[in-house]
Amino acid sequence: MASPDTAVSALLVAPVTALEFLGDDCLLAGKGPVLSAYSLRAPSVKSASLSVLRNHRVHGIRPERRDRGVSAEVAAEEEPLGSSWQQRVQLVVFGGKALRLVELGGSEAFDLRTLGPVRELQDWVLDVRWVGGAAHLLGVALAHNAVLLLEAWEGHVLLRSSCEDGCLLYSALLVGPCWQSLTVVGGTVFNQLVIWRPTVTTGSGRTAPVERRLKGHSGVIFGLAYLPERGWLASASDDRSVRVWGVGPLGGAAGCGDPSPTCLQVLYGHQARVFSVTLLPVGVLSAGEDGVCLLWDCGSGKVSRALNGHRVGGVRALAVSSGWGGRSPQVATGGADGGIRLWSLGETDGGQVEAELVQDLEFQGGGSPKVVRMVWGGVKRHWGVVASTDQGEVYLWEEGSGWQLLWRGGREGAASSRGALCAVGSLSGDVWLFPLSQPARGTLLRAGLGKVHSVLWEGDREQRAGHLLVSGPEGLVRRWLVKPELGEGAVSLDCVPLRSFLLPPCAKRWLTAAILVPQPQGALWVCGDRRGSLLLYRDSDEGGEAVGDALRPLSVLFGVHGKQGVTSVCEHRGLLYSTGRDGCLRVSRVGDGGGGQLEVLRVQRACGGMDWLERVVIREPEGEGDACFLLMGFHSVHFEVWDLLRRERLLSVPCGGGHRSWSYCPPGGGSAEDGSAVVFVKQGAVLASRTPADTSHPSGASLELEGGLHGRGITCVCHLGAVRAAGDRWEVLATGGEDTRVSVLAVRPQNGAVKVLAVIADHISSVRALAALRRQDGGGGATSLSALLFSAGGRAQLQCCRLLIGGKEQVGSLSCQVIQVARHRLDEHWERRRNRHKLVKMDPETRYMSLSVVSHTAEQVFLAAACSDGVLFSVSESGGKFHLLWDCSYHQRCVLSVASCCLEDPEGNELFVISAATDGIIAFWDMTGVTDVEDGQTAPPSYAGKFIPAHQSGVNTLALWEGPWEGQEAEPAGHSWMTIASGGDDGQLSVIRIQVQLRPREMGGSGVSLKLWSRSALPSAHAAPLTALCFLSPALLVSTSPDQRVCLWNLCASSLGHGGVLFSHVADAAGLAVWKGTEAESGPKGSAWVAVCGQGLQVLRLKEERDAGKRTE
Amino acid sequence: MGRSSKDKRDIYYRLAKEEGWRARSAFKLLQLDEQFSLFAGVRRAVDLCAAPGSWSQVLSRKLRGKEPKDTEEKKEEPKIVAVDLQAMAPLPGVTQIQGDITKTSTAQEIIKHFEGQPADIVVCDGAPDVTGLHDVDEYIQAQLLLAALNITTHVLKPGGTFVAKIFRGKDVTLLYSQLKIFFSEVTCAKPRSSRNSSIEAFAVCQNYCPPSGYIPNMSNPLLDHCYDVDFNQLEGPNRIIVPFLACGDLSAYDSDRTYPLQLDPSKEYKYTPPTQPPIRPPYEQACHLRKNNLLATEDSPCRPLDGAFSNLHLSANEDSEMTSEVDAASLSAEAAHQDTVV
């Protein structure tokens, strides 16, 4: 019954709570009890992981200090390990009330090896310091302001010294080369820093006096750092500030340093609590709950750089490399989401880098610039800016040569340039088209009589020929195929007119975006207009001048992007992406084999609350990996560029806000050395902002060593199935979190790999429940998977989307397409109900607590949902809409859980819904009538006659198994059985067995009667609320709880037996999902996998070799 | 979301304001009393980490509310002592001690107020400043409870009752085993006003009977226990789990439920302002700076408010006398503003 025999941990995503550099080429990280070593060298050394602290979380890692002849000199002892650490290094890893010695070695692949057992201490360990060369002597700072001298090899405590101030510490820091001269800095629960020496004891109690006391913080101290070169001590606090103190030399002969320490800086800049701080000669680095890591200039108190990348939940660990041998220091940040990022602090980081970046290009032409475009190439193969003015003039700016007038015409209407060509539309319908290099060799095109509203180019820069689309009056879009031809040093333009497009009638009738999409049946044009409509046209090479000849759209999604218009359209792998000033990105496709209608698959709000989206750019990866989606737009007064998938801001330029003409060049756009650049018009000036190219990462962001998951608690997890990619079996899971997101993950528990396939950010409040329906099952060998995923949560929101997950056999990559099927909010629905005055008003503040799929047909899915306002209801989803079928306020209390089952019956299946609320009562509902909706009338469910009090307080979870159980006598005809297991806030596990007698339907009322057959309960199954429960087989249950144990329970005919327990590293465990392993991978006896979610995600493998498991199948 | 939205989401918050309690946690003690009759025959009560004072309010109303009937009771008014680092608004019949619960002097002061008599009941609703990391938070909460237990061993009469907030987390069985050394009956009680989703519960420890020869000692902190191989296993069927009891009438309001604003059809909903303004939270200054756009940026350093620098230049120990007075009870500050009616 010992636990390692029954279950082992296969995968863990948890907050990163410790980071430490080893030289410049190795990063050590602690996540749960697991220590990982990552190589930062190129070519990369394989990383390694090892679980070292059993039931404790790693809070710190301290590499041994190289023995340099222990001297009292402060400077010498602080010398860090060189850039290339030796072949083998001993580490002490600590956290909670434990520490352990670990050895790291290896040149081709890292190798981690524990040295001795976990050393458990009486009190919480806050810091550890090597104090005795090769003798394995450690100084250990404890949370009650005491220090131990520990012989780590044998685990003997040699000495113990307490401070006279015995209060609780939130943080501690040990400084000094050896025990005799050790100095302790403690961050107390009373918002102070105390400095004392363990060897200086006084008084009868033999306690050490506080020698320095630093006051000023108004919150507890979460983090401390000391920089001996400057004599700086830094503290990070709950009050959201970082303070830098001048304490002078600490430790060694210097003792407690300066007798009157001063506060040098008070750094307020974080938006939330600050958890960690480190010191560099150039300044202070701090990070915390707001997810931002700030580099401060210590002299001025200004922020030199903000490293932004972690999701909600913030940064929990921070480390900086020494920057040995002239290399620039690297910063590593570890998030509450489990992600680890690496940032390079270049030499340029002297501060104010970004402030200087907005540069006035000092426009000198006549009139004021209206439209700006960035161009490349030109004469000097550099980037330049083309600006057209309200006077109808076009100017070119180039690096070094300034502004020059290119072309002069009448008063213009619109202008656009592409590569080396420029088109200018006038108020009278003329379009001037000319090469930038030879403005004189232009041609005049006629686009009707009236103002040219817009001029658009379609075609890649590299392509020789391109399309010019000119929107004239009356919604007519004239098109030309333009081919520049070079002859005798002069460019001539060959313009072939094509048939015009006619836009749907509306007020602002001009095109704002257009792309040409090749299709097997002939190319199609996907366009967006100023009215916010998406339009589909057939491509046609025919000419046609008359209005009557104009092509009409094949398909119109009128005003789909709102009244402010579509801003861009692009295509990627058969899907269309469009952005609009409504702040939304829409993913759509052309239905019916390419010749049909446009349909929107998914609407996504932009990242970071951008309310005005301008463009989406998709960049294919250079090798393997996923494409990069860049979203550009305006967020209040900033122009921002976001990485859509990573939800990370790449650029933010204070341009003043939307409305203005702008142009963006992504990094490497002009040439490889270029960084990104933005040009925009502001108050008659042309301004440019350039970001230097960052060598560490192509998009100028950080390097992601480890991807993160939800930053806050994961409330629910659901197993969707398995797909195969490059011969590997990946399990697909969906998780919902307090961060309002639903994530689709592929996990490979065999090697602990996790991939985030999609993040669905459609909820406006915390996601609390998931339910899934797989459409077909190809087994574990299938390369694709389709599932309907229902998610529900706060603010009474219910969402449904279809997931198409496909693996590519060769590349081994997985993709996930998300199609939004339906969404529903109670308050929206409420307004449309006819007889609403008769019903209990459902409050829009209602939270959905639980969700269950009751049954489904080809067209419809029936669901049961539990609500926090005491209502239980049933909805169906069909044709992209949710329909409320039935609701009931029986519980009158918050309904916490709902489950359903379908019993087979010759006359049609009997559907049951089981619900339970905070009063501990489990209720049974016969839903058979509710789903018979053929005649449009629904029968209310006849209540099936059972309300069983099962718990003292809330029933958090219900699990259900249909059918007879082990040892059950032969089933009489017309009888079925169900077993309901429930877990409560009281920590109790209860099992109820019900006999269901089916009666002929004609008798009226409910067709069934329920009989309580047996019940059993274990009052103290868990030491904390039992929050999740699943059946693995009719005789085996799995449960979990915030007491962080995953328990197995054997169900016999009349009793519940303990079947094993495993400590889990997911705090605040809230959900479970189970699935069976394949025979091929785990032998004929089979194994099962359990996923636990909470503050992280853990997958455990159960070895189902117990008798109970064997007997059942 | 308007100001009434919290009223919709949290019924006890709203009731606390309407009934004049300083925090919604008052209902928790009332419901614990319903189940355990905590105050029967109580003449001397101690409230540790008392600010903002909602539990003291309950003690005051419950112990002093009933008119003494027989002559014996008339002789002595029930005595209530509230201990916290912070001062709080006065309450009728409650003596405040501004002090640290880890100091022997505080215990002596309590006994002095009781004229040498030990207390009948000690209650503690304190919670620490949380970090968001569950292992750390659970540890610190356990240390707060043990500090409360330690001072309780100085002031509680044999057979007396101790009630304290616990977090039901990964190591709660270690706390249970520690508490069972001092009390013959330990129950994990969850009032219905404490949310189902929260890991908070209350250890109701009855019949104080310290091990024979136990001498209360405040110079060393009480530490929590460790897992052992036989009785309190890390992974295994044997753990010390105390009985669970849900407290409060089932007809009481459900703290997890969302209620419509108009609870009673005959009574119009009216917004009630909070009973007490919030205690000064640690982030007050940071919020003020942010609101006024004074946080540091790339362009400018942060400009702290007047007076923030006045106490920066300190020399060591200069006023340590004063600060050592200020101590562990500030742990209760966060608890207070988590639950305080704001």
Side-chain angles (χ1 to χ4, degrees), chain A residues 3 55 57 96 120 122-124 144 166-168 189-190 205 210-213 215-216 218-220 238-241 260 262-263 266-269 300-303 354-355 843 845-846 868-870 893-894 918-919 952-954 985-987 1020 1023-1024 1042-1044 1058 1061-1063 1067-1068 1095, chain B residues 5 8-9 102 129 131 133-135 139-140 143 168-170 172-173 190 196 199 219 221 223 226 234-237 239 241 244-246 250 254 256-258 260 282-283 285-286 289-290 295-302 304 308 311-317 320 323-324 326-328 330-331:
Chain A
S3 42
N55 58 319
R57 205 178 237 162
E120 300 250 10
Q122 286 288 313
D123 201 1
W124 192 274
H144 282 93
C167 68
L168 203 62
V189 69
F190 306 121
V210 172
E211 297 186 43
R212 309 281 184 276
R213 196 183 290 273
K215 288 182 283 184
S218 47
V220 295
D238 197 16
D239 68 8
R240 303 184 182 183
S241 75
S260 49
T262 54
C263 180
V266 182
L267 306 172
Y268 277 101
S300 66
K302 292 181 191 175
V303 175
E354 301 212 3
D843 199 296
E845 294 285 340
T846 290
S868 68
D869 61 355
R893 308 180 64 85
C894 174
T918 49
D919 54 3
Q952 285 189 45
S953 54
D985 193 47
D986 49 6
S1020 296
D1043 71 359
Q1044 293 186 218
H1058 203 276
V1061 55
L1062 188 83
F1063 186 87
D1068 217 359
Q1095 297 289 323
Chain B
S5 112
K8 276 192 238 175
R9 278 177 295 161
T102 64
D129 291 340
T131 64
L133 280 177
H134 281 65
D135 56 339
Y139 170 79
I140 293 172
Q143 302 320 303
R168 287 193 288 168
K170 68 185 174 95
V172 69
T173 59
K190 178 94 169 175
N196 191 77
I199 59 166
S219 61
L223 293 176
C226 291
L234 171 66
E235 292 179 329
R239 290 197 285 156
I241 301 177
F244 177 91
L245 208 53
L250 264 183
D254 179 1
D256 292 276
R257 188 178 160 185
T258 39
Y283 45 80
Q285 165 103 335
L289 291 170
R290 183 168 67 173
L295 290 178
T297 61
E298 273 95 338
D299 303 325
S300 66
C302 125
N311 57 352
L312 293 181
H313 298 271
L314 296 166
S315 54
N317 293 335
S320 64
T323 50
S324 61
V326 182
D327 256 313
S330 86
L331 281 171

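If you're wondering where the values come from, they're calculated on a predicted model, not measured in any experiment. By convention in this document, chain letters (A, B, ...) are assigned in the order of the sequence lines, proteins followed by strands, and residues within each chain are numbered from 1.
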[X] side chain near [Y] side chain, heavy-atom distance below 4.5 Å:
X	Y	result
B/Phe244	A/Ser953	yes
A/Asp1043	B/Arg239	yes
B/Ile140	A/Trp124	no

Say you draw a straight line from CG of B/Leu289 to OH of A/Tyr268; how long is it, rounded to the nearest 0.5 Å? 6.5 Å
To the nearest 0.5 angstrom, please state how far the CG atom of A/Leu168 sits from the OH atom of B/Tyr139. 5.5 Å
Might you work through the salt bridge (Lys or Arg N to Asp or Glu O under 4.0 Å) test for A/Asp919 and B/Arg257, ending with a clear yes or no? CA-CA 11 Å; A/Asp919 54 3; B/Arg257 188 178 160 185; over 6 Å; no
As an exercise: rank [options] by heavy-atom pairs under 4.5 Å with chain B and give me the winner.
options	answer
A/Arg240, A/Gln952, A/Gln122	A/Gln952
A/Ser868, A/Gly954, A/Gly870, A/Ala1024	A/Ser868
A/His144, A/Glu120, A/Gln1095	A/His144

Part of B/Leu223 within contact of chain A (heavy atom distance under 4.5 Å): side chain
Under 4.5 Å from any heavy atom of chain A - which part of B/Ser219: neither
Can you name the side chain to side chain donor-acceptor pair (under 3.5 Å) partners of B/Lys190, sequence neighbours left out? B/Ser194
Does the pair B/Tyr283 and A/Asp239 meet the rule for a side chain to side chain contact (heavy atoms under 4.5 Å, CB included), with working shown? CA-CA 5 Å; B/Tyr283 45 80; A/Asp239 68 8; over 6 Å; no
Which residues share a side-chain contact (heavy atoms from CB on, under 4.5 Å) with A/Ser1020, sequence neighbours left out: B/Ile241
Would you find a donor on one side and an acceptor on the other, under 3.5 Å apart, between the side chain of B/Asp254 and the backbone of A/Cys894? yes
Answer yes or no: is there a donor N or O on one side and an acceptor on the other, between the side chain of A/Gln1044 and the main chain of B/Lys170, under 3.5 Å? no
Do you know which of B/Asp135, B/Ile199, B/Asp256, B/Leu245 has the most heavy-atom pairs with chain A at a distance under 4.5 angstrom? B/Asp135
Closest approach of B/Pro282 to A/Asp238 (non-hydrogen atoms, all atoms of both residues): CG-OD2, 3.6 Å
Intermediate values then yes/no, side chain to side chain donor-acceptor pair (under 3.5 Å), A/Thr918 and B/Asn196: CA-CA 7 Å; A/Thr918 49; B/Asn196 191 77; over 6 Å; no
